[in-house]
Structures are given as C-alpha cells and as structure tokens.
Trainee: 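Attaching a single structure in structure tokens format; questions to follow.
Owing to the predicted nature of the structure, the values given are computational and were not obtained by experimental measurement.
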Amino acid sequence: MKFSTKKITLLALCIAINMVGSWIGVVVKLPIYLDSIGTIMAGFAFGPFFGILAGLITAFVNTIGDPIALYFMPTQLIVGFTAGYFEFLKRDNYISKFYLTPFMSIPAAISSALIATYLFGTVTTAGSSYIVQALRAVMDLPDFLIVFIIQIITDYADKLISILLVSKIYNMTAFQNILKN
C-alpha cells in the first residue's frame with residue numbers, strides 16, 4: 001500500500017481512462033458503461049486498495065459529466081476491490097474470462113440495481129435505462145427485478161469487455177516493465 005510517484009501517476013491515468021469511458025457511455029447512450037476500465041487496471045496493477053481508491057476518486061470526478069455518478073460509488077468500490085482481490089482475473093487466458101467475470105459483475109449488478117431502483121426510480125443517465133423503461137412498459141414485474149435482470153446482462157458485458165482489454169494490456173511485457181521499474 002506504499003505510495004510512489006509511479007503509482008500516483010498510473011492512478012491518475014486510470015481515473016482519466018474512467019472519465020473518458022464514462023463520457024462515451026453517457027453521451028452515446030451505450031447499454032454498457034465503460035466507466036471502470038481504469039478502476040480494473042488500478043486493481044490489477046496495485047491491488048484492492050488502489051482499485052478502491054481509483055473507484056472512489058472516479059465517482060467524484062465523473063460527476064462533472066454525469067451528475068448521478070457519485071451515487072454509484074459503491075459499485076466502483078466493488079469493482080476496484082474485486083479487480084485487486086481476485087488474482088485469477090489477471091490471467092492472459094481469454095476463455096476463463098467468460099466464466100470468471102461474474103465474480104466481479106454480479107456484485108456490481110446487485111449494487112447498481114439497488115441504487116438505480118431505490119434512489120432513481122429506475123431512470124438513470126445510462127443507456128441501459130432505455131432498455132429498463134421498455135421492459136417496464138411491457139412486463140408486469142417488480143421494478144427491482146427488471147433493473148436487476150438488465151444490470152446482470154449489461155454489467156457482465158461491460159466487465160467482460162473491460163477485463164479482456166485490461167488483462168491484455170496488463171500482461172504485455174512493456175506494461176510489466178513499467179510496473180517493475
């Protein structure tokens with residue numbers, strides 16, 4: 001948990017990556033979020049504490065472009081912790097990512113579904129909110145259940161894409177050399 005110039009610099013880069021990803025997701029209204037790529041990178045590179053720290057700072061900074069981002073801080077913290085804690089997610093094995101991603105995506109989906117349902121009445125700035133509203137119009141199910149189903153699908157897709165991207169970068173020799181030096 002020692003801070004160094006390299007860790008602080010890479011942490012800032014991870015937060016900037018989260019900001020850009022979040023902005024793309026919100027502006028284009030994608031059904032995935034792209035706001036935790038940097039959080040996952042910080043967790044992979046430096047462990048759970050730095051993953052949580054990246055998620056914490058990201059939640060505050062992302063309110064610049066997305067006013068409700070702060071409320072989803074628990075989800076960012078879960079992603080940061082799981083990225084640093086579950087070492088097996090770092091492996092450079094694409095097949096395993098498909099069945100290991102739920103270790104991150106399911107807790108994140110539960111957190112996001114609770115927040116979206118009970119704080120925002122199912123309407124958020126995310127593109128997945130459009131899918132939720134369409135299903136609410138045609139299905140007679142509790143709001144939480146509809147949001148949770150969509151969150152499970154979209155969080156899985158979002159985290160799978162993010163983990164595949166980050167693990168590829170993390171396992172590159174050049175990135176490993178940056179971490180060592």
Trainee: Can you tell if the side chain of Phe72 reaches within under 4.5 Å of the side chain of Thr124, non-hydrogen atoms only?
Mentor: yes

Trainee: Here's a test for you: under side chain to side chain contact (heavy atoms under 4.5 Å, CB included), which of Lys159, Met41, Met104 qualifies with Ser36?
Mentor: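 Testing each of Lys159, Met41, Met104 against Ser36, the sole residue satisfying side chain to side chain contact (heavy atoms under 4.5 Å, CB included) is Lys159.
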
Trainee: Which residues pass the side chain to side chain contact (heavy atoms under 4.5 Å, CB included) test with Ser4, sequence neighbours left out?
Mentor: Lys6, Lys7

Trainee: Tell me if the OH atom of Tyr85 is crowded by more than 12 foreign heavy atoms within 6.0 Å.
Mentor: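 Open.
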
Trainee: Contact between Leu13 and Thr9 at the side-chain level, heavy atoms closer than 4.5 Å - yes or no?
Mentor: no

Trainee: Applying salt bridge (Lys or Arg N to Asp or Glu O under 4.0 Å), name anything that partners Asp158, two or more places apart in sequence or on another chain.
Mentor: none

Trainee: For Lys90, which residues count as a salt bridge (Lys or Arg N to Asp or Glu O under 4.0 Å) partner, sequence neighbours excluded?
Mentor: Glu87

Trainee: Check the hydrophobic clustering (I, L, V, M, F, W, Y; side-chain heavy atoms under 4.5 Å; chains of links allowed) and say if Ile40 and Tyr94 are grouped together.
Mentor: no

Trainee: Quick one: which residue pairs count as a side-chain hydrogen bond (donor to acceptor under 3.5 Å, both in side chains) with a foot in residues 37-60, not counting sequence neighbours?
Mentor: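 Listed once each, the pairs are Asn18-Thr39, Asn18-Thr58, Thr39-Gln76.
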
Trainee: Could you grab the distance from atom OG1 of Thr82 to atom CD1 of Ile106, nearest 0.5 Å is fine?
Mentor: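 So the gap between those two atoms works out to 11.5 Å.
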
Trainee: For the side chain of Thr101 and the backbone of Phe98, is there at least one donor-acceptor N/O pair under 3.5 Å apart?
Mentor: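 Not a single qualifying donor-acceptor pair exists.
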
Trainee: Report the C-alpha distance between Ile163 and Leu100 in whole Å, list the side-chain angles of each, state the deciding distance to 0.1 Å, and finish with yes or no for side chain to side chain contact (heavy atoms under 4.5 Å, CB included).
Mentor: CA-CA 10 Å; Ile163 289 171; Leu100 294 175; over 6 Å; no

Trainee: I need the Arg91 CZ to Asn171 CG distance, nearest 0.5 Å.
Mentor: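 Those atoms lie 11.0 Å apart.
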
Trainee: Report the hydrophobic cluster partners of Ile78, with the cluster defined as I, L, V, M, F, W, Y residues connected by side-chain heavy atoms closer than 4.5 angstrom, directly or transitively.
Mentor: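 Listed partners: none, Ile78 stands alone.
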
Trainee: Do Ile68 and Phe120 touch side chain to side chain, with heavy atoms closer than 4.5 Å?
Mentor: yes

Trainee: In chain order, what residues pass the side chain to side chain donor-acceptor pair (under 3.5 Å) check against Asp35, with sequence neighbours excluded?
Mentor: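 Testing Asp35 for side chain to side chain donor-acceptor pair (under 3.5 Å), a comparison that skips the adjacent residues, returns none.
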
Trainee: Any chain of hydrophobic side-chain contacts (each under 4.5 Å) joining Phe88 to Phe46?
Mentor: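 Phe88 and Phe46: one cluster.
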
Trainee: Could you pull out all residues at least two apart from Thr125 that satisfy side chain to side chain donor-acceptor pair (under 3.5 Å)?
Mentor: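 Side chain to side chain donor-acceptor pair (under 3.5 Å) list for Thr125, sorted by chain: Asp66.
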
Trainee: Who passes side chain to side chain contact (heavy atoms under 4.5 Å, CB included) against Ile8, sequence neighbours left out?
Mentor: Phe3

Trainee: Which hydrophobic side chains are connected to Val147, either touching it within the sub-4.5 Å cutoff or through other members that do?
Mentor: Ile131, Val132, Leu135, Val138, Met139, Leu141, Leu145, Ile146, Ile149, Ile150, Ile153

Trainee: Working to the nearest 0.5 Å, report the span between CG of Leu53 and CG of Leu77.
Mentor: 10.0 Å

Trainee: Nearest 0.5 Å please: distance from the OG1 atom of Thr63 over to the OH atom of Tyr71.
Mentor: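 Going from the OG1 atom of Thr63 to the OH atom of Tyr71 covers 10.0 Å.
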
Trainee: Is there a continuous path of hydrophobic side-chain contacts, each under 4.5 Å between heavy atoms, that joins Leu70 to Val26?
Mentor: no

Trainee: Measuring from Ile32:CD1 to Ile161:CD1, what's the distance to the nearest 0.5 Å?
Mentor: 4.0 Å

Trainee: Does Phe49 have more than 12 heavy atoms from other residues, nucleotides or ligands lying within 6.0 Å of its CZ?
Mentor: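 More than 12 heavy atoms, drawn from other residues, nucleotides or ligands, come within 6.0 Å of this atom.
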
Trainee: The criterion is salt bridge (Lys or Arg N to Asp or Glu O under 4.0 Å); which residues satisfy it with Arg136, sequence neighbours excluded?
Mentor: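 Arg136 satisfies salt bridge (Lys or Arg N to Asp or Glu O under 4.0 Å) with Asp143 once adjacent residues are dropped.
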
Trainee: When clusters are formed by joining ILVMFWY residues with side-chain heavy atoms under 4.5 Å apart, either directly or through shared neighbours, do Leu30 and Tyr130 land in the same one?
Mentor: no

Trainee: Donor-acceptor pair, distance only, cut-off 3.5 Å: does the side chain of Lys29 make one with the backbone of Ala126?
Mentor: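 Absent.
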
Trainee: Report yes if some heavy atom in the side chain of Tyr33 is under 4.5 Å from a heavy atom in the side chain of Ser128; otherwise report no.
Mentor: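 Answer yes - side chains close enough.
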
Trainee: Give every residue pair that meets the ring pair (Phe, Tyr, Trp, His ring centres under 6.0 Å) criterion with at least one member in residues 148-174, sequence neighbours excluded.
Mentor: Phe44-Tyr170, Phe144-Phe148

Trainee: Check whether Val28 and Ile64 end up in the same hydrophobic cluster, where Ile, Leu, Val, Met, Phe, Trp and Tyr are linked by side-chain heavy atoms less than 4.5 Å apart.
Mentor: yes

Trainee: If the condition is side chain to side chain donor-acceptor pair (under 3.5 Å), which residues does Ser111 pass it with, not counting sequence neighbours?
Mentor: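 Scan of Ser111 (side chain to side chain donor-acceptor pair (under 3.5 Å), adjacent residues dropped) gives Thr75.
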
Trainee: State the CG-CG distance between Leu89 and Leu164, to the nearest 0.5 angstrom.
Mentor: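 It is 10.5 Å, given to the nearest 0.5 Å.
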
